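One structure below.
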Protein chains: 2
Amino acid sequence: MSTVPHVVVAPDSFKGSLTAVDIAEALAAGVRSAAPDARVTCLPMADGGEGTLDVLAAAWGVTPRELVTVDAVGRPVTARWLVSADGRTGVVELAQASGLVGVADVVRQPLHAHTRGTGEVAAAVLDAGVEEVLVCLGGSASTDGGAGILTGLGVRVLDAAGEQVPDGGEGLARAASLDLSGLHPRARQVRWRVAADVTNPLTGEHGAAAVFGPQKGARPGDVAFLDEALARWAGVLERETGVAVRELPGAGAAGGVPAALVAVLGAVVEPGARMVADAVGLPAAIADADLVLTGEGSFDSQSVRGKVADGIARLAQRSPTRPPVVVVAGQVLLPADQARAAGIRAAFSIAPGPTTMDELVTHTAHRLAEVAASVTALTLGGR
Amino acid sequence: MSTVPHVVVAPDSFKGSLTAVDIAEALAAGVRSAAPDARVTCLPMADGGEGTLDVLAAAWGVTPRELVTVDAVGRPVTARWLVSADGRTGVVELAQASGLVGVADVVRQPLHAHTRGTGEVAAAVLDAGVEEVLVCLGGSASTDGGAGILTGLGVRVLDAAGEQVPDGGEGLARAASLDLSGLHPRARQVRWRVAADVTNPLTGEHGAAAVFGPQKGARPGDVAFLDEALARWAGVLERETGVAVRELPGAGAAGGVPAALVAVLGAVVEPGARMVADAVGLPAAIADADLVLTGEGSFDSQSVRGKVADGIARLAQRSPTRPPVVVVAGQVLLPADQARAAGIRAAFSIAPGPTTMDELVTHTAHRLAEVAASVTALTLGGR
C-alpha cells in the first residue's frame, strides 16, 4: 500500500431511495471519517439503463442537450442527450423519448408503441459530430425490434408492396424489406455501443415479447403476435444485411432494439455497467486503488451477472494493486462465498439491526457512511 | 502477519437468542469458510453475570458441582459451582442459589430476600481447597448488602442486644456488630474477586436500593427503608473492619454484595468481562492474534464500558500484534467513530436488510457465519 491510500467509491443508485451521486457522497464521507488522509475518488455508476445519462453528464461535467421529438405513442416530448466534453462520444438514453414512464398516462399500446423518437435523438447525436454513440436501454414501452430507431435515422421499413409499414411491433408483421437510401450519412461511420443488462434472445420463450411484453401491456395473444412479428423482422434484417440476430444474446433487450442496431449499424452489445465504467474512467481509477467501495439497493445473484458490482469486480481483478471490492447494500441476499467467487471480497448491509424498509430508507445516507467507515478502518488499518 | 493467520473468536451470548458457545461456533464456521488455513481459537465469553459459570465450565472442561442450599426466600434449591481443572480457582455464581429467577414463582420479597444460599455455596468452594474464588453477580433477588453471604460463611450479624438479626435487607436495619468467630477458616486465606458490571455505590440516589430495588419488587417506601438499612450496614462493616465501602464504586451491585466481601474478605471488585477473559486465557490468545471477532446482542454505549467487547479491545491494544477487533452484533447502535475511539475497529450487524427481530433470531447462526466470513476475507485478504 502506498503512503497515501487510494479509495475508489463507485456505487450504483439505490432504486427508490438515493441517486448514485448521493450514495457516493455518503460512502465517501464515511471513508474520510475513518481515514482522513486517504485520497478518495468518487465515481457514481449506473448499469446502462434508465438514469445512466445523468450519471455520465455528472462524470463528464457536461450539460445535457435537448430535442423535441415524439414519445412511444407519437406525442411531442422533450428528450435529453449528451455529448462528452471532448466531443467524441454521444449518449442516447432510450427511456428519454421512448420510455414506458413517459406514456404511463395513457392505456398501454404494446402493439403500437415504438422507438422512432429515440432514432430522431440518435440523428441529432450524429449531427453533433461524435465518433461513438452509447445507447442506454431500459424502461422501454415498445416491442418494435428497433425498427423505430432505424426510421428515426432515415431508414424506410417496407412491406411486400413497397409501402412503408406503420411504427410499432404490429408493423413488423408486414415488413418485407428495408430502404437504406435515406439512412443518416454518419450512421455507419461511428461506433455504436449498446448497453444491455439482459442476455435474452430476440424471439422464443426467453425472447423480447414473451419475457418483457407483459409488463408493457401485452396479453397472451399479443405476445404470440409480437413474437412472430419479431421473427419476421429478424428475417428481413438478415436478408438485407447478412447479419443473423435472432439468437444473439441481448438482442431481446428493450423490445428487440439491439437486433436492428447490430444488423444495420454494426453495433456492439455489451454489459451496461462495463460501458459506463469505461465512460467515467473507472479502470484507470481502480488501477492504483487500495480499496473499492460499491453499493446497490439489493445485492443478490443478479448483482454478479453484468451489474455494477460485477463490472467493478472484474476491473479490480485486472488491477495491479488487486484492491478488495466491498459492497455496501440496502440488503445483502447473496451468500458470502458466492460473492467471493465473483470477486467481491465482502458485502455488508446498512441495516443496523431489526428495522423496516421505510426506517432504513430514512437513514440510508447516515448508515452508508457508518458502514463505509467501518470497512475503511478494517481494510486500511487503524489510524 | 505470520504465515498461518490466527483468529480469536470470543463473543458474549446474544441474550434471548444463542449462548456464547453457539455464537462462537457460528462465527468460527464463517472464519474457516473464508480462510480455511487459519488457526481459529474459540473462547466464548461472558460478562461475569448470570451464565458465566457455564462459560467457564466449558472453557476449563470441567463439570459443575452441586450443593443443596436455600434460595433467596429460604426454600431448598440445588446450586451449581465450579472448581478449575487445576483445583486452584473456584467459581460462585450468585444467581444459582440467590437469583431472582429462582423465586419468580412467589410474590417478590424485597425486604426479606437474601444471599445466605450463596454463602453456603462459597463455603463449599472453600472446603474444596481453592486459592482463589471468583464471585459472579447479576440477577439477584435481594438487597441485603451481602450479609447473607457472610452468614453462609459462618459470620453472625448481631443487633444491639447481641441477638442474630434475620436474613434479608430488613435485618440490616437492626445490625450493630459482627461475630466473626465462626467465619470459615479458609475465608481470609484465599483471594476473592468479585465481578461487577456496574459502578453504583452502596447507598444514595445511585445506590443499590434506589436503582435496583424496584426491579426486585421494592416500592418507594421499601427503597427508602433499604437505603437507610444499607447505610447502617456500611457503618457496621466499617467499624468492624476499618474498611469504608459506602462510596466504593460497584459496591451497589447485586443488592450490595460487594460491600460485605470487600470489607470482611478483602475482595477485589473488577469488571466481569476482564475477570472472565483472564479465567479463560484470552490475553495469551490475543497476544499473537491477527484478528479478534467478538459479538453481542446489542452493541451500544454500554458495550464499551466494562462489557465483553470493551475488555477485548483493551487486551488487543496491549497485544504485540495489535489485532483489529471486530464486533458482530444483532444490532449496532454505537456510532463507528465512538467504537474506534474505544478500540473497536469495526462493528457490523447481522441484519441482511429490512427484517424483524423474530426473523433475525431465526437466522442468527447463519448470518453470524456470513458476516464473519466477510470480515475475515476483508481482514486477512483473498485466498
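Not measured: the values here are computed from a predicted model. In the text below, chain A, chain B and the rest are named by the order of the sequence lines, each starting its count at 1.
- Listed options B:P354, B:A351, B:A346 were ranked by heavy-atom pairs under 4.5 angstrom with chain A; first place goes to B:P354.
- Checking B:S298 against B:K15 by side-chain atom types alone, no donor-acceptor pair falls below 3.5 Å.
- Of all the listed residues (B:S33, B:G353, B:G30), the one sharing the greatest number of non-hydrogen pairs under 4.5 Å with chain A is B:G353.
- Annotation: maximal heavy-atom pairing with chain A below 4.5 Å, among B:P335, B:A336, B:P352, occurs at B:P352.
- Side-chain N/O atoms of B:E296 and B:S303 include a donor and acceptor closer than 3.5 Å.
- Under the salt bridge (Lys or Arg N to Asp or Glu O under 4.0 Å) criterion, B:R314 pairs with B:D310, sequence neighbours left out.
- Using a 4.5 Å cut-off between heavy atoms, B:L360 touches chain A through its side chain atoms alone.
- Residues B:D290 and B:H6 have side chains that never bring a donor and an acceptor to within less than 3.5 angstrom of each other.
- Between chain A and the residues B:A339, B:P324, B:G330, the most heavy-atom pairs under 4.5 angstrom are made by B:G330.
- Using a 4.5 Å cut-off between heavy atoms, B:V375 touches chain A through backbone and side chain atoms alike.
- Of the listed residues (B:E359, B:R340, B:H366, B:M357), the greatest number of heavy-atom pairs within a distance under 4.5 Å of chain A belongs to B:R340.
- Looking at A:A373, the atoms closer than 4.5 Å to chain B (heavy atoms on both sides) sit in the backbone and in the side chain alike.
- Between the A:N200 side chain and the A:G252 main chain, no donor and acceptor come within less than 3.5 Å of each other.
- Judged by distance alone, the side chains of B:T356 and B:D358 never bring a donor and an acceptor atom under 3.5 Å apart.
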